[in-house]
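Computed from a predicted model, the values in this text were never measured in an experiment. Note that these values count all heavy atoms, side chains included, but never hydrogens, waters or copies made by symmetry. Per chain, numbering begins at 1; letters A, B, ... match sequence-line order.
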Amino acid sequence: MEKRAILVLEDGSIYEGYSFGSSNDGVGEVVFNTSMTGYQEILTDPSYAGQIVIPTYPLIGNYGINDIDIESCRIQVNGFVVREACSQPSHYMAGQTLDEYLSGGNTPGIYGLDTRSITRKLRDKGVMMGIISTVLSPAEALEVLKSSPRYEQQEFISKVSTAFPYDWPENKESDNGLRILVLDCGMKYSILRIMSRLGVKMSVIPCHLSPMQIMSLKPDGIILSPGPGNPQLMDDIVFTVRELADKVPLMGICLGNQLIARAFGASTYKMKFGHRGGNQPVLELENGQVHITAQNHGFAVDPDGLADGLEVSFVNVNDGTVEGLIHKELPVFSVQYHSEASPGPLDSTYLFNKFVAMIKASNCK
Amino acid sequence: MEPIIILNREDIRRTLGRMAHEIIETNKNLSKIIMIGMRTRGVPLANRLAAYIKAYEEARIPVGVLDFSLYRDDLGSRDLQPAVKSTSIPSGIDGKVVILVDDVLFTGRSARAAMDALIDLGRPSAIKLAVLVDRGHRELPIRADYVGKNIPSSKDEEVQVKLSETDNLDEVSIYKNSEAGKCL
């Protein structure tokens, strides 16, 4: 028997569908992702903490859930909205259905609604808060929504960051002797997978550590991870990043890009509906090359405040927003897109090789 | 000066057994307790205390491991091994009574660092300290709740705890510092 569920947006729009996954209520910022596949990576990406995600692709769940395509240890989204949820997946690695996976993670899902029309609304009006419920009336749901804190006023990174440091299993075959730390503000496993394939020893550290604690681990370089939430609320980590930038090579990804920008004087602002998907074109200013990138961000760097030698290196072809930064003197660079992809095109993984080369060059000095 | 053996294997067994009884006696709700061993020798001690408590009271106490090296107050001045040693806490510590376990209580600086590390992991309802040896010379206002043996010592002496899990031998001894060998 199919159970009714509703999705209510803060502007009062009501969408009716059917419940799958958990039948709990889910409140969050409603955002859309244009990737055709990769729903397991999206569900477990900590940068989606506090959000309800709508894939624009109409059929989701058709290859099930496996043990490998996870980007963190749990489902991170607050809700999942799909057009059609496939209940009979077909893939040799599929161990669970999407429905079972969402239930196991206590995450509500809703299917059977016109996700593309919701997406068009979000593109017109901008992202807004929403709620998925199986028990509340639309009026009650709207009340709950009005009393819930807004996404951009909440702090998420302390909830998604690791509580204590840990090592990623070493790659015994190739070891280049480098040791890189990932400052975990919502890290994705793919970063560790790619770096350890390059022969780097990887450790993950909590985002609350002080610069002194971090430097006592004697890293050769530090990756500032992607992560959820409003970078304007993260003054502590911005301070840490500024201090680290003078001491050790830094690579920033997504939120890391915004933290580096803030550390060098720029500010960030909330975008109307953000960039989330696997086909965002970015222009590399140095050589005019266009890269197709995977992205997930709802905030962007305002380039006006950039100072102290930090410059824009990539811009988005669609809307001209900042997509990457590089420092003129310090070994510091960052990208606003996801160089680790997952899901999305692997074109940008060369940036990890570039970071390793940058560390080796700065070690020689 | 010859090393003086203060506790042998049997003494350590009796001492830990008595400490386990004290823990049972002073904690009515054993299900709220989580035992956390401070690296390195606090870890086998925590495991042994938990095993005694299980033998006496049929209560299964979760045991965790805490690496507090990033919280030392001499971080900048000491040449630390640049290694992330693993911390593992079996369940959340929020609302739990955490019993920190270490081998020797000396200046109190390790205990302070461990408490700082714990507070970053959550909010326990209480933190207690259990040590096999209290040798005095505190530099911070810290005391242990459960003490195996008080060993009055002078500052130029070294108290060394050896445990079968880490050193293939159960023994507590006291040396003159010049003979203490590697300070652990």
How about B/Lys128: does its NZ atom have over 12 heavy atoms from other parts shown lying under 6.0 Å from it? yes
Are more than 12 heavy atoms, taken from residues, nucleotides or ligands other than B/Glu10, located less than 6.0 Å from that residue's CD atom? yes
A/Leu209 side chain reached by B/Tyr71 side chain, heavy atoms, under 4.5 Å: yes
Worked check of side chain to side chain contact (heavy atoms under 4.5 Å, CB included) between B/Leu70 and A/Ile214: CA-CA 8 Å; B/Leu70 285 176; A/Ile214 295 168; over 6 Å; no
I'd like to check B/Asp120 versus A/Pro206 (side-chain heavy atoms, cut-off strictly below 4.5 Å). Are they in contact? no
Counting only heavy atoms not in B/Tyr56 (residues, nucleotides, ligands), do more than 12 fall under 6.0 Å from its OH? yes
If I measure from the heavy atoms of chain A, does B/Leu66 come under 4.5 Å with its side chain, its backbone, both, or neither? neither
Distance (rounded to the nearest 0.5 Å) between A/Gln213 CD and B/Asp116 CG: 8.5 Å
Determine whether A/Phe164 and B/Asp67 make a side-chain contact, defined as any pair of heavy atoms from C-beta on separated by less than 4.5 Å. no
Looking only at heavy atoms, what is the nearest atom pair of A/Ala163 and B/Leu121, with distance? O-CD2, 3.4 Å
Distance (rounded to the nearest 0.5 Å) between A/Tyr166 OH and B/Thr87 OG1: 13.0 Å
Enclosure of A/Asp246 CG (heavy-atom neighbours >12, cutoff 6.0 Å): yes
Would you say A/Lys159 has more than 12 foreign heavy atoms packed within less than 6.0 Å of its NZ? yes
For B/Arg9, is the CZ atom crowded, meaning more than 12 foreign heavy atoms sit under 6.0 Å from it? no
